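Here the structure is a predicted model, which means the values were calculated and not measured. Just so we're on the same page: letters track the sequence lines, and every chain starts at 1.
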There are 2 protein chains.
Amino acid sequence: MSFNHIAIIGLGLLGGSIGLAVREHLPDCTTTGFDNDPDVRKRAAERQLADTICESATDAVKGADLVILCVPVGAMGDAARTIADTLKPGALVSDVGSSKSTISRTLMDALPGRSVIPAHPVAGTEHSGPDAGFATLFHQRWCIITPPEGADEKQLAALIHFWESLGAMVETMDAQHHDRVLAVTSHIPHLIAYTIVGTASDLENVTRSEVIKYSAGGFRDFTRIAASDPTMWRDVFLHNRDAVLEMLDSFLTDLALMREAIRAGDGETMFDLFSRTREVRRSIVALGQDDARPDFGRKDHG
Amino acid sequence: MSFNHIAIIGLGLLGGSIGLAVREHLPDCTTTGFDNDPDVRKRAAERQLADTICESATDAVKGADLVILCVPVGAMGDAARTIADTLKPGALVSDVGSSKSTISRTLMDALPGRSVIPAHPVAGTEHSGPDAGFATLFHQRWCIITPPEGADEKQLAALIHFWESLGAMVETMDAQHHDRVLAVTSHIPHLIAYTIVGTASDLENVTRSEVIKYSAGGFRDFTRIAASDPTMWRDVFLHNRDAVLEMLDSFLTDLALMREAIRAGDGETMFDLFSRTREVRRSIVALGQDDARPDFGRKDHG
């Protein structure tokens, strides 16, 4: 089986990119789209993020065999309840949320008797909204699918094939493990970046304009992450609380050790950590998950 | 006055870039270079990082009117003592170290009666060594000069002009203020990045290969910073201890507040911080200190 009609609910960075990627990679598929915000619908129609931009979520999902919820994590339950009675029998409901345990429960509670297989494409930029999407967002990026117990094998295979068609590499795992993996690879880095950018803006003896001026020494990379969508990230921390707190406490323990090494002038402990971490970087570049060029080819580099 | 003969001691990323930049921007200047490591000297000669690669630091500084020490912060004192007796009368000694209070004291103690004006070009990549340098590294980047009390005005003006000639924008401030500004814009971001990459490598319930695989969600940006030269960064934390601990404690206080907000499910506090930090990013992009393209134009983005 494969999907012929895909409904996209929420037309921001991810929803819009899915619409554009389907048109490019699955030209025989029909897409319908909806967003709660009329301005977003207008812009989505101009950019043709889906073949048809509908005026309601129920209109968008009518006849669809795959519905992908691309709304903030905190809005998933409402979005699912709105479409519950309109879904075509046998339709599969999926999503793109960054935390999976709570979303999985929320969707299954909101859609009793329906097929639900949550997914999370690990791809994004710091830009959001209907102008941010592009067709190649998922190329060579991982999409993690977290099938609930008893998920239909054929629908799972079709969902895997769908994401692979958009250029993604697919992995399946249980929702709880996903949440731990993402807490460390994504949620904690965002929390730290948001916090240090906040700290730097409020210092008494260094001005904000100095922080901005001299940001090329490392800080600017944190500001990119800390420019991500505030609503999305608030919802991530509200919904992946347990895994985030667990990983945050590991980080805080390690940071306290480094603080003590600095206080005590213990260069050996520092050198040991600073050497080990280079290896991780090499592996990421070797796996094609990042670019080895200095500063990723920012302008002004030779 | 301007400099006709520039000696570069240490031919890694910064020393090599200075040599290449002088050839491009100040073609009438002579450059001599030296590095303690014979392999680096060999590679520096092949890449012509300076007009003449010398076999000793004393050979390199003979007749130079500007000597720039481009060695790790912890090696500055030794480098200065080695050349002290060979310096031409009136020669200016400067450096490129990332912390300035202790270096300033170290250089003045090692070079009694000599002219010393420390400097710090805020530019770099995560690559190091004689292959890492390029002529445009300093273009549109800040160079902070920290003149000690009583520094010669003409030499200061010449040093400012030198860095501007290489494409840098120059600011002067006192060494202590420099150290606070850099602690927040560079040293703390590096410490945090090194620490989280270390934490992520050692988790019990998430494997290192999973961390590498799913790094595109934010983590990979930290790994780039955490791939910086270990010796250089150990020395930074050994030499800028006070400012680093001061800024680290501000960050830890703020992170504890965010931890509590997550624990308590306080979405408002999160949303407030996550919105404020976007502004800082916009200012950095507006000032030309970073690129607004998603992921700085990494491959696979449309």
Side-chain angles (χ1 to χ4, degrees), chain A residues 122 125 134 136 139-140 180-181 184-186 189-190 194-200 206 210-212 214-223 225-227 230 233-234 237-238 241 250-251 254-255 258 262 267 270-271 273-275 277-278 280-281 283-284 289-291 294 296-298 300 302, chain B residues 122 125 134 136 139-140 180-181 184-186 189-190 194-200 206 210-212 214-223 225-227 230 233-234 237-238 241 250-251 254-255 258 262 267 270-271 273-275 277-278 280-281 283-284 289-291 294 296-298 300 302:
Chain A
V122 185
T125 74
F134 49 95
T136 57
H139 281 197
Q140 283 180 264
R180 283 214 174 96
V181 170
V184 64
T185 56
S186 179
H190 275 80
Y194 277 124
T195 303
I196 183 71
V197 175
T199 304
V206 176
E210 285 176 317
V211 168
I212 290 165
Y214 304 114
S215 60
F219 184 72
R220 66 173 174 190
D221 291 341
F222 288 66
T223 66
I225 300 176
W233 282 97
R234 176 198 62 197
F237 293 111
L238 290 173
R241 186 179 68 172
S250 294
F251 168 70
D254 292 344
L255 191 56
M258 291 312 295
I262 292 170
M270 297 179 208
F271 188 83
L273 173 68
F274 301 171
S275 310
T277 51
R278 280 198 143 173
V280 177
R281 175 70 185 170
S283 309
I284 287 174
Q289 290 297 301
D290 205 352
D291 193 322
F296 325 118
R298 276 177 175 122
D300 305 321
Chain B
V122 185
T125 75
F134 48 95
T136 57
H139 281 196
Q140 285 180 261
R180 282 213 176 99
V181 170
V184 65
T185 56
S186 179
H190 276 79
Y194 277 123
T195 303
I196 183 71
V197 174
T199 305
V206 176
E210 285 177 316
V211 168
I212 290 164
Y214 304 115
S215 60
F219 184 73
R220 67 173 173 188
D221 291 341
F222 288 66
T223 66
I225 299 177
W233 282 97
R234 177 198 62 198
F237 293 112
L238 290 173
R241 186 179 69 169
S250 294
F251 168 70
D254 291 345
L255 191 55
M258 289 312 294
I262 292 171
M270 296 179 208
F271 189 83
L273 174 67
F274 301 171
S275 310
T277 51
R278 278 196 145 174
V280 177
R281 175 70 185 169
S283 308
I284 287 174
Q289 289 298 301
D290 206 353
D291 193 322
F296 325 117
R298 275 174 175 124
D300 305 322

Report task. Identify which of B:G267, B:G218, B:G198, B:P189 forms the greatest number of heavy-atom pairs closer than 4.5 Å to chain A. Result -> B:P189
Query raised in the report: For the atom pair CD1 (A:I196) and CG (B:L255), what is the distance rounded to the nearest 0.5 Å?
Result: 9.5 Å
Query - Per-residue contact mode, A:I225 against chain B (heavy atom under 4.5 angstrom) - result: side chain
Query - Distance in Å, A:W233 CH2 paired with B:S275 OG, rounded so as to fall on 0.5 Å steps - result: 14.5 Å
Report summary line: Ranking A:V211, A:V206, A:T277 by heavy-atom pairs under 4.5 Å to chain B gives rank one to A:T277
Query - Structural part of B:F237 lying under 4.5 Å from a heavy atom of chain A - result: both
Report summary line: Output for pair (B:R220 CZ, A:D221 CG), nearest 0.5 Å, gives 11.5 Å
**Report entry** Heavy-atom closest pair, residues B:R234 and A:M270
**Finding:** O-SD, 3.9 Å
Report task. Select one option (side chain, backbone, both, neither) describing which atoms of B:I262 are under 4.5 Å from chain A's heavy atoms. Result -> both
Query raised in the report: Looking only at heavy atoms, what is the nearest atom pair of B:Y214 and A:V122, with distance?
Result: O-CG1, 4.0 Å
Query raised in the report: With A:F219, which residues qualify under ring-ring contact (aromatic ring centres under 6.0 Å, His included), at least two apart?
Result: none
Query raised in the report: Considering all heavy atoms of both residues, which atom of A:A227 and which atom of B:R278 are nearest to each other, and what is their separation?
Result: O-NE, 2.9 Å
Requested in this report: Kindly compute the distance separating CZ (A:F251) from OG1 (B:T199), expressed to the nearest 0.5 Å.
Outcome: 6.5 Å
